[in-house]
Student: 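This is the structure I want to talk about, given as structure tokens.
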Amino acid sequence: MIIPDSDPNLPQPFYICGPTASGKSSFALEMAEKLDGEIVNADAFQLYQGLEIISAAPSPAERALVPHHLYGVLDPTESADAQLYVKLATPVIAEIQSRGKTPVITGGSGLYLKFLTHGAAPLPTGNAALRAEMDSKSIEELVAQLQQLDPVEASRTALQNRRFVSRALEICILSGQKASDIRDGWEKQTADISSRLRGIVIQRTREDLHARIALRTKAMLDGGALEEVAAMSAISSNCEKAIGFREIRSLLTGEIDRATCEDLINAATRQYAKRQETWFRREKWLVPEVV
RNA sequence: GGCCCGAUAGCUCAGUCGGUAGAGCAGUGGAUUGAAAAUUCACGUGUCGGCGGUUCAAAUCCGUCUCGGGCCA
């Protein structure tokens, strides 16, 4: 994690957040020039190589203007997660600072940013074998088990959300402690960090954002997204979740037509943007940048 | 011109024997600490195409008009 003001002589990072298609990338270029900075990616899917078009990563022309970091650094067969992201980003950011430049951290992946700014709670890493075992159980079984091991955590977890229930259970099993205890401790330790961070969240009207999404989807489909998806043979299940990936696959196999594909991508993107807005609305330290 | 089918939420449609309507999708709000572009929760008033009639009561039955679609001329 990036500790703010750890060394007052170093330039402090500046964060640029906002929903997809809000114009973060071009805003980042402006800020990088103003702050004498370099851009660091904070987007879960722009991390991957070969997904540049459907993840709307900055173009080569944009990257030539200012140094860009952590774009296309992972093979699509790999599966990133928030912890890996922090591992990758921390040294890159420190290196930029050591050269006297300002890290301009730009992206829309709320959880990744949260881990970067507030750190990762000392929770055990996910275990594939255990997850497979839990996946074979019913949600009722998982809930019952969690209620037994950690009733406090169970009472504050959305018990219909399988993902959340199994993660809480996983933490208890792997750590041998109560997930609620670890989380509470972490919350106390990191309570004051937000006030020392600086960054903005780009805000647009829904109408404007939806129009921008529609334009971008069209441009993607016309600008090589089909070829990009067709070229992806080996891919992690993680990458398959990229918005547009499945839709374009269906278009390529002829299951749906172009107009349907475009509509589906637009709807999925709008829904994602809404979830991002909900997330960033809670991050009170982000100053709204109304565009 | 004649006949038939359709018209109900932004969209696609359901609606039984008449008792003033409900699904999916879209949309809106929320949750969120190692899968997060993921996962998940909540939210359903709309001239039932218009007008008239029958009836205690019409989305539902009857008449008529309008607009689609089809068939026959």
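Treat the numbers as computed from the prediction; the structure is a model and nothing was measured. All heavy atoms count here, side chains included; hydrogens, waters and symmetry mates do not. Below, chains carry the letters A, B, ... as their sequence lines are ordered, and counting in each starts from 1.
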Student: Which is it for A:Glu38 and A:His69 under the side-chain hydrogen bond (donor to acceptor under 3.5 Å, both in side chains) test, yes or no, and what are the steps along the way?
Tutor: CA-CA 8 Å; A:Glu38 300 190 4; A:His69 304 269; 2.7 Å; yes

Student: Determine whether the side chains of A:Asn238 and A:Tyr48 contain a donor N or O and an acceptor N or O closer than 3.5 Å.
Tutor: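 Result is yes, a qualifying pair exists.
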
Student: Could you state the CZ-P distance from A:Phe45 to B:rA38, rounded to the nearest angstrom?
Tutor: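 To the nearest whole Å, that distance equals 7 Å.
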
Student: What is the nucleic acid contact for A:Phe245, judged by heavy atoms within less than 4.0 Å: base, sugar-phosphate only, or nothing?
Tutor: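 A:Phe245: no heavy atom of the nucleic acid under 4.0 Å.
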
Student: Among the candidates B:rA35, B:rA26, B:rG30, find the nucleotide nearest to the side-chain atoms of A:Thr278.
Tutor: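 The closest nucleotide is B:rG30.
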
Student: Of the candidate nucleotides B:rU28, B:rG34, B:rA37, which contains the atom at the shortest distance from the side chain of A:His210?
Tutor: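 Closest nucleotide to the A:His210 side chain: B:rU28.
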
Student: Between B:rU33, B:rA37, B:rG30, which one does the side chain of A:His118 approach most closely?
Tutor: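 The nucleotide sitting nearest to the side chain is B:rU33.
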
Student: Between A:Ile54 and A:Trp186, which is nearer to the 5' end of RNA chain B once each is assigned its nearest nucleotide?
Tutor: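 Whichever sits nearer the 5' end wins; that is A:Trp186.
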
Student: Using the closest heavy atom to pick a nucleotide of RNA chain B for each, name whichever of A:Arg183 or A:Gly110 lands nearer the 5' end.
Tutor: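 The residue whose closest nucleotide sits nearer the 5' end is A:Arg183.
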
Student: Quick one: A:Gln271 CD to B:rA31 P, roughly how many Å, whole number?
Tutor: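 It works out to 18 Å between those atoms.
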
Student: Have A:Asn266 and A:Thr217 got a donor and an acceptor in their side chains that come within less than 3.5 Å?
Tutor: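 Their side chains do contain a donor-acceptor pair, which is all the 3.5 Å distance test asks for.
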
Student: Could you state the CH2-C1' distance from A:Trp279 to B:rA31, rounded to the nearest angstrom?
Tutor: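 Computing the A:Trp279:CH2 to B:rA31:C1' distance gives 10 Å.
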
Student: Do the rings of A:Tyr15 and A:Trp285 sit parallel, tilted or perpendicular, given the 30° and 60° boundaries?
Tutor: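 The rings of A:Tyr15 and A:Trp285 stand perpendicular, inter-plane angle above 60°.
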
Student: Under 4.0 Å: is that the gap between some side-chain N or O of A:Arg206 and OP1 or OP2 of B:rU28?
Tutor: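 For B:rU28, OP1 or OP2 has a side-chain N or O of A:Arg206 closer than 4.0 Å.
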
Student: Could you please name the option among B:rA37, B:rA26, B:rG34 that lies closest to any side-chain atom of A:Tyr272?
Tutor: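 Comparing B:rA37, B:rA26, B:rG34 against the side chain of A:Tyr272, the answer is B:rA37.
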
Student: Taking a pair as Watson-Crick or G-U wobble with both distances under 3.5 Å, which nucleotide is matched to B:rA57?
Tutor: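 Looking at the geometry, B:rA57 pairs with no nucleotide.
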
Student: Does OP1 or OP2 of B:rA37 have a side-chain N or O of A:Asn238 closer than 4.0 Å?
Tutor: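 Negative; the distance criterion is not met.
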
Student: Give the rounded distance in Å between these two atoms: CD of A:Gln276 and P of B:rU28.
Tutor: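 One finds 14 Å between P of B:rU28 and CD of A:Gln276, rounded.
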
Student: Please report, rounded to the nearest Å, how far the P atom of B:rU39 is from the CD1 atom of A:Ile139.
Tutor: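 From A:Ile139 CD1 to B:rU39 P: 14 Å.
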
Student: Let me know the distance between CD of A:Glu283 and P of B:rU33, rounded to the nearest Å.
Tutor: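 These atoms are roughly 12 Å apart.
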
Student: Identify the nucleotide, in any strand shown, that forms a Watson-Crick or G-U wobble pair with B:rG1, with both distances under 3.5 Å; if there is none, say none.
Tutor: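 With both distances under 3.5 Å, B:rG1 matches B:rC72.
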
Student: Measuring from atom OH of A:Tyr272 to atom CD1 of A:Ile213, what distance do you get when rounded to the nearest 0.5 angstrom?
Tutor: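 Taking OH in A:Tyr272 and CD1 in A:Ile213, the distance rounds to 10.5 Å.
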
Student: Kindly say whether A:Gln177 contributes a backbone atom to a donor-acceptor pair with the side chain of A:Ser175 at under 3.5 angstrom?
Tutor: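 Yes; judged by distance alone, with no hydrogens or angles, the pair exists.
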
Student: Produce the list of close N/O pairs, under 3.5 Å, pairing protein atoms with atoms of nucleotides 40-43 of chain B; give distances to one decimal.
Tutor:
residue, atom, partner, partner atom, Å
B:rU40, O4', A:Asn161, ND2, 2.9

Student: Check whether the side chains of A:Glu255 and A:Thr253 place a donor and an acceptor atom closer than 3.5 Å, and report yes or no.
Tutor: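 A:Thr253 and A:Glu255 do have a side-chain donor-acceptor pair below 3.5 Å.
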
Student: Atom CG of A:Leu174 and atom P of B:rA35: how far apart are they, to the nearest Å?
Tutor: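 Taking CG of A:Leu174 and P of B:rA35, I get 12 Å after rounding.
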
Student: I need the CD-P distance between A:Glu207 and B:rG27, as an integer number of Å.
Tutor: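 So the two atoms are 15 Å apart, to the nearest Å.
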
Student: Look through every strand shown and name the nucleotide pairing with B:rC17 as Watson-Crick or G-U wobble, where both distances are under 3.5 Å.
Tutor: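 Pairing partner: none.
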
Student: When you check the phosphate oxygens OP1 and OP2 of B:rG27, does a side-chain N or O of A:Arg270 lie under 4.0 Å from one of them?
Tutor: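 Yes, such a contact exists.
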
Student: Work out which heavy atom in A:Asp150 is nearest to a heavy atom in A:Cys172; give both atom names and the distance.
Tutor: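 Distance-wise, the nearest heavy atoms are CB-SG, 3.8 Å.
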
Student: Tell me the partner of B:rU12, counting only Watson-Crick (N1-N3 plus N6-O4 or O6-N4) or G-U wobble (N1-O2 and O6-N3) with both under 3.5 Å; none if nothing fits.
Tutor: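 Pairing partner, where one exists within any strand: B:rA23.
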
Student: Walk me through it: do A:Val229 and A:Leu251 pass the test side-chain contact (heavy atoms from CB on, under 4.5 Å)?
Tutor: CA-CA 10 Å; A:Val229 170; A:Leu251 174 61; over 6 Å; no

Student: Would you indicate what A:Ala80 reaches in the nucleic acid, counting non-hydrogen atoms under 4.0 angstrom: base, sugar-phosphate, or nothing?
Tutor: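 Sugar-phosphate only.
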
Student: Only pairs with both distances under 3.5 Å count, Watson-Crick or wobble alike; so what is the partner of B:rU66 in this structure?
Tutor: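 WC or wobble partner is B:rA7.
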
Student: With the side chain of A:Arg131 defined as its heavy atoms from C-beta on, choose the nearest nucleotide among B:rU33, B:rA37, B:rA35.
Tutor: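 Per side-chain heavy atoms of A:Arg131, the pick is B:rA35.
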
Student: Across all strands shown, which nucleotide pairs with B:rG29 by Watson-Crick or G-U wobble geometry, both distances under 3.5 Å?
Tutor: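 Matched B:rG29 with B:rC41 under the 3.5 Å cut-off.
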
